[in-house]
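The next block holds one structure in the form of structure tokens; read it before the comments.
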Amino acid sequence: MIVKYGGNAMKSPELRRAVARELAALGCEQALVVVHGGGPVIERELALRGIKSEFVRGLRVTTPTAMQIIMMALGQLNKELSYEIGGALGLLGHDSRLLVATPLGGELGRVGKIVSVNAELLRTLTQVNLIPVVGCVAVDEHGEALNVNADTAAGAVAGALGEGVIFLTDVDGVYRQFPDPASMTQQLSRAEAEAGMAEGWIAGGMLPKVRAALDALERGATYATIASGMQAGVLRQAAAGQAGTRIVP
């Protein structure tokens, strides 16, 4: 199973440690890969250096200078998360060409789209009971760093391994009539999710999350669950299909 972790859930040290304990427990029961972003950490490090964050189509504009800062910030966070989980190994795209991407180019700068994942490396690590913790930095064909979206990176890893993926976010799942809690749906087919986007009840901040889930399915993931990462205990429930919204082919 692949778990994408990041965003606002990382702002609370107490919650982060609680999620780390849940990840460690799950890793004792099944093969587990964690893929993480680090938006708040990146924002802080860029701001400290007087670099303003800009986004185009939801992706961070990444100059060569910003890319160096992002790699440094994610590298440090990667090791911290690995330590907190325990029995884990922190990795970035450079390690054995784990994540290879092609630049999207244009105004986005050093932003890439993943074209290959070293699935054999991940399988080897899980077979010796290690939890790979993958930061969302990839490399291009020349070995230069590229910034990649953590959701799409998690989907690419899930597809390469043919496993399910859980996206931990700041919402409980997909609502047919947001924010009515009774309208949250436990499962959607790919067709239903695409219809929801066309009809407009999947909109706003949920759009990129659902698109990432559909991309994961397209790449070969067996399912993609959108669940809250803001409460301890939800991860285990989501893994059992008892929390969040599971999107299936």
Side-chain angles (χ1 to χ4, degrees), residues 3-12 16 34-78 81 92-93 99-115 134-140 144-158 165-171 173-175 178-179 193-194 196-198 200-216 218-219 224 226-230:
V3 174
K4 184 269 176 175
Y5 181 46
N8 291 326
M10 287 187 171
K11 290 183 177 180
S12 164
R16 203 172 94 172
V34 177
V35 179
H36 71 87
V41 176
I42 292 170
E43 292 283 348
R44 182 188 69 208
E45 295 299 327
L46 290 173
L48 284 173
R49 292 160 178 81
I51 298 175
K52 182 180 178 181
S53 292
E54 298 180 54
F55 292 86
V56 174
R57 299 185 299 278
L59 298 173
R60 184 186 300 276
V61 175
T62 306
T63 64
T65 299
M67 184 68 250
Q68 293 301 312
I69 296 167
I70 290 169
M71 189 160 58
M72 177 200 70
L74 286 181
Q76 179 176 340
L77 177 59
N78 182 262
L81 289 175
L92 296 181
L99 301 177
V100 177
T102 183
L104 292 176
E107 58 191 326
L108 287 168
R110 299 299 299 168
V111 176
K113 177 181 179 180
I114 294 176
V115 294
V134 182
C136 57
V137 174
V139 290
D140 63 17
E144 297 295 325
L146 286 168
N147 186 16
V148 292
N149 178 272
D151 288 332
T152 55
V157 170
V165 55
I166 297 175
F167 296 99
L168 292 181
T169 72
D170 55 359
V171 294
V174 180
Y175 293 76
F178 187 82
E194 290 174 342
M197 291 189 289
W201 52 268
I202 295 177
M206 184 54 68
L207 274 173
K209 297 178 177 67
V210 171
R211 285 177 177 144
L214 293 177
D215 181 64
E218 183 70 26
R219 290 174 178 266
I226 297 171
S228 174
M230 303 301 292

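What you see below is based on every heavy atom in this structure, not just the backbone, and it leaves out hydrogens, waters and symmetry mates. Here, residue 1 is the first one in the sequence, and each next residue gets the next number.
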| request: Look up atom CE in M71 and atom CD in E144, then write down how far apart they are to the nearest 0.5 Å. | output: 8.5 Å
| said: Measuring only between side-chain heavy atoms, which start at C-beta, is T62 closer than 4.5 Å to L108? | reply: no
| field | Validation row: K209, D170 side chains within 4.5 angstrom (heavy atoms) | value | yes
| request: State, yes or no, whether a side-chain contact exists between I202 and Y175 at a heavy-atom distance under 4.5 Å. | output: no
| If every non-hydrogen atom of F167 is compared with every non-hydrogen atom of A154, which pair is closest and at what distance? | CE2-CB, 4.1 Å
| field | Qualifying residue, where the test is side chain to side chain contact (heavy atoms under 4.5 Å, CB included) with C136 and the options are L74, T152, N149 | value | L74
| remark: Hits for side chain to side chain donor-acceptor pair (under 3.5 Å) against R211, two or more places apart or cross-chain, chain-then-number order -> none
| request: Could you check if a side-chain atom of S228 sits within less than 4.5 angstrom of a side-chain atom of L168, using non-hydrogen atoms only? | output: no
| Crowding at CD, Q76 (>12 non-hydrogen neighbours, <6.0 Å) | no
| said: Run the side-chain contact (heavy atoms from CB on, under 4.5 Å) test on L214 and M197 for me, step by step, so that the C-alpha distance in whole Å, both residues' side-chain angles and the decisive distance to 0.1 Å come before the verdict. | reply: CA-CA 12 Å; L214 293 177; M197 291 189 289; 3.4 Å; yes
| query | How would you list, by chain and number, every residue that makes a side chain to side chain donor-acceptor pair (under 3.5 Å) with E218, sequence neighbours excluded? | reply | R190
| remark: The reported gap from OG1 in T63 to CD in E54 (rounded to nearest 0.5 angstrom) is 9.5 Å
| field | Inter- and intrachain pairs under side chain to side chain donor-acceptor pair (under 3.5 Å), touching residues 42-52, at least two apart | value | E43-S53, E43-R60, E45-R49
| task | Please lay out, stage by stage, how E107 and R57 fare under the test side-chain contact (heavy atoms from CB on, under 4.5 Å). | result | CA-CA 11 Å; E107 58 191 326; R57 299 185 299 278; 4.1 Å; yes
| Test side chain to side chain contact (heavy atoms under 4.5 Å, CB included) applied to V148 and V139, I114, V137, the passing residue | I114
| Contact check, side chains of H36 and V3, non-hydrogen atoms, under 4.5 Å | no
| task | Verify side-chain contact (heavy atoms from CB on, under 4.5 Å) between M206 and F178, making sure each step is shown before the conclusion. | result | CA-CA 10 Å; M206 184 54 68; F178 187 82; over 6 Å; no
| Quick one: are V61 and L59 in side-chain contact, heavy atoms under 4.5 Å? | no
| Heavy-atom distance under 4.5 Å between the side chains of V210 and I226, does that happen here? | yes
| task | Specify the closest pair of heavy atoms between V165 and A158, including all atoms of both residues, with the distance to one decimal. | result | CB-CB, 3.7 Å
| message | How long is the straight-line distance from OG1 of T65 back to CD1 of I51, given to the nearest 0.5 Å? | response | 6.0 Å
| field | Donor-acceptor under 3.5 Å (R110 side chain, A145 main chain) | value | yes
| query | Are Y5 and V35 close enough that some pair of their side-chain heavy atoms sits under 4.5 Å apart? | reply | no
| said: Consider side chain to side chain contact (heavy atoms under 4.5 Å, CB included). Of L146, V115, D140, which one does V100 pass it with? | reply: V115
| V157 and L99: CA distance, side-chain angles, deciding distance, side-chain contact (heavy atoms from CB on, under 4.5 Å) verdict | CA-CA 9 Å; V157 170; L99 301 177; 4.2 Å; yes
